[in-house]
Amino acid sequence: MSGIPFLLALGATEKYTDPATGRVSTTEVWFSGDGEVLRLVDGRVAGTSGIRLVDWRHVELRSAPAWATMTGQSSSSDSQYSRLRDVMPGYRSGLIDQVTIRPMDGAPWSTRLVQLDPSTLRWYQETASTTGGASEDRLPASRFAVNPATGAVVYSEQCLSADFCMTLQQWPVTSSNTNNDKQKTASVGERG
């Protein structure tokens, strides 16, 4: 499956309430042609099903800041939140990630971003320290590109395990990046 692109269609939106803060946001529910389901809250993976290699069956994002509140932060300002996840296969439940978000000084030198100038976006890196799991439950860093005008994630690189990573980008690329008739394209592969 390494590097194979696939298309996801937005099938539903649901309300998500942060269990720690009570902040309400939207969960986007995306479907692939092969029956895989990807749930995103503010562009962050908040659950999957149907992915053969690894699934995050239940995810809680606790005190995760909205990207719109972070776009004015300097590159020295870190934020943190916690993520609780249940992972299959292996029935690993209650894994807790302490996630640190750090604004990047500029666009990374290597991305799979298509049809957008990386320098016009605000870039963030999330690193997670995992407790309650084995070494295979530790994750590589994630990167997010946020449209500074809308506070919406337009591109991300996120891993569900050390050897299963996804690159997600809104498609078609628009300047407003609204959810109307939006599709998301993804490329799945190993991070080098």
Side-chain angles (χ1 to χ4, degrees), residues 1-16 18-19 25-62 64 81-99 101 108 110-114 124-145 152-173 179 181-192:
M1 264 184 107
S2 180
I4 299 172
F6 61 95
L7 189 67
L8 299 169
L10 181 61
T13 57
E14 304 167 346
K15 286 187 179 180
Y16 176 79
D18 183 319
S25 53
T26 300
T27 300
E28 297 175 335
V29 184
W30 297 88
F31 297 92
S32 77
D34 290 333
E36 295 129 335
V37 179
L38 176 67
R39 295 176 176 280
L40 299 175
V41 173
D42 292 332
R44 297 177 177 101
V45 174
T48 65
S49 61
I51 300 175
R52 290 187 311 260
L53 299 174
V54 62
D55 259 336
W56 286 10
R57 294 292 173 97
H58 174 77
V59 177
E60 288 183 14
L61 303 171
R62 298 178 178 174
Y81 70 94
S82 62
R83 175 177 56 214
L84 175 71
R85 58 188 167 101
D86 297 341
V87 179
M88 294 284 286
Y91 303 103
R92 295 181 316 277
S93 64
L95 299 176
I96 299 172
D97 300 318
Q98 297 302 324
V99 181
I101 310 163
S110 173
T111 72
R112 293 184 177 171
L113 184 67
V114 177
Y124 299 89
Q125 179 171 295
E126 289 190 349
T127 54
S129 173
T130 305
T131 57
S135 61
E136 69 262 19
D137 295 315
R138 285 159 182 63
L139 302 171
S142 297
R143 295 191 299 190
F144 297 85
V153 173
V154 296
Y155 173 88
S156 69
E157 300 167 358
Q158 302 179 66
C159 295
L160 300 181
S161 69
D163 57 357
F164 186 85
C165 299
M166 297 181 291
T167 300
L168 303 167
Q169 183 176 349
Q170 292 179 0
W171 202 262
V173 175
N179 283 334
D181 298 321
K182 180 175 67 178
Q183 295 178 332
K184 196 167 286 243
T185 186
S187 172
V188 180
E190 295 180 8
R191 187 174 292 215

Checklist entry - Hey, are the side chains of F164 and I51 touching, using non-hydrogen atoms and a 4.5 Å cut-off? => result yes

Next on the checklist: Just verifying a value: how many Å separate Q125 CD and I101 CD1, rounded to the nearest 0.5 Å?
Outcome noted: 11.5 Å

Item to check | CZ on R39 to OG1 on T13, rounded to 0.5 Å | outcome: 11.0 Å

Checklist entry - If you measure from OG on S156 to CD on Q169, what distance do you get to the nearest 0.5 Å? => result 9.5 Å

Item to check | Rounded distance (nearest 0.5 Å) linking atom CD of E28 with atom CG of L40 | outcome: 6.0 Å

Next on the checklist: Going by the rule side chain to side chain contact (heavy atoms under 4.5 Å, CB included), which residues pair with S32 if we only count those two or more places apart in sequence or in a different chain?
Outcome noted: F6, L8, D34, E36

Checklist entry - Can you tell if the side chain of R83 reaches within under 4.5 Å of the side chain of V45, non-hydrogen atoms only? => result no

Checklist entry - Checking Y155 side chain against R112 main chain: does a donor-acceptor pair fall under 3.5 Å? => result yes

Checklist outcome for this item: With sequence neighbours left out, the residues meeting side-chain hydrogen bond (donor to acceptor under 3.5 Å, both in side chains) with S49 are none

Checklist outcome for this item: Heavy-atom nearest pair, S161 first then V54, reads OG-CG1, 4.2 Å

Item to check | Sub-4.5 Å side-chain heavy-atom contact between L160 and M166 | outcome: yes

Checklist entry - Any donor-acceptor pair under 3.5 Å linking the side chain of Q158 with the backbone of L168? => result no

Checklist entry - Roughly how far apart are T131 OG1 and R138 CZ, rounded to 0.5 Å? => result 8.5 Å

Checklist entry - Distance from T27 atom OG1 to K15 atom NZ, nearest 0.5 Å? => result 11.5 Å

Checklist entry - Quick one: does E60's side chain get under 4.5 Å of Y16's, heavy atoms only? => result yes

Item to check | Q170 side chain vs V153 backbone, donor-acceptor pair below 3.5 Å | outcome: yes

Item to check | Check: L84 main-chain N/O paired with D97 side-chain donor or acceptor under 3.5 Å | outcome: no

Next on the checklist: Please enumerate all residues that pass side-chain hydrogen bond (donor to acceptor under 3.5 Å, both in side chains) together with R44, with sequence neighbours excluded.
Outcome noted: Y81, E126

Item to check | side-chain hydrogen bond (donor to acceptor under 3.5 Å, both in side chains) partners for D42, two or more places apart | outcome: R23

Checklist outcome for this item: Residues at least two apart in sequence or cross-chain that pass side chain to side chain contact (heavy atoms under 4.5 Å, CB included) with P108, listed by chain then number, are M104, T111, W123, R143

Next on the checklist: For L61 versus A46, what's the shortest heavy-atom pair and its separation?
Outcome noted: CD1-CB, 4.3 Å

Item to check | Qualifying residues under side-chain hydrogen bond (donor to acceptor under 3.5 Å, both in side chains), relative to T127, sequence neighbours excluded | outcome: none

Checklist entry - Who pairs with D55 by salt bridge (charged side-chain N to carboxylate O under 4.0 Å, His left out), at least two apart in sequence or on another chain? => result R57

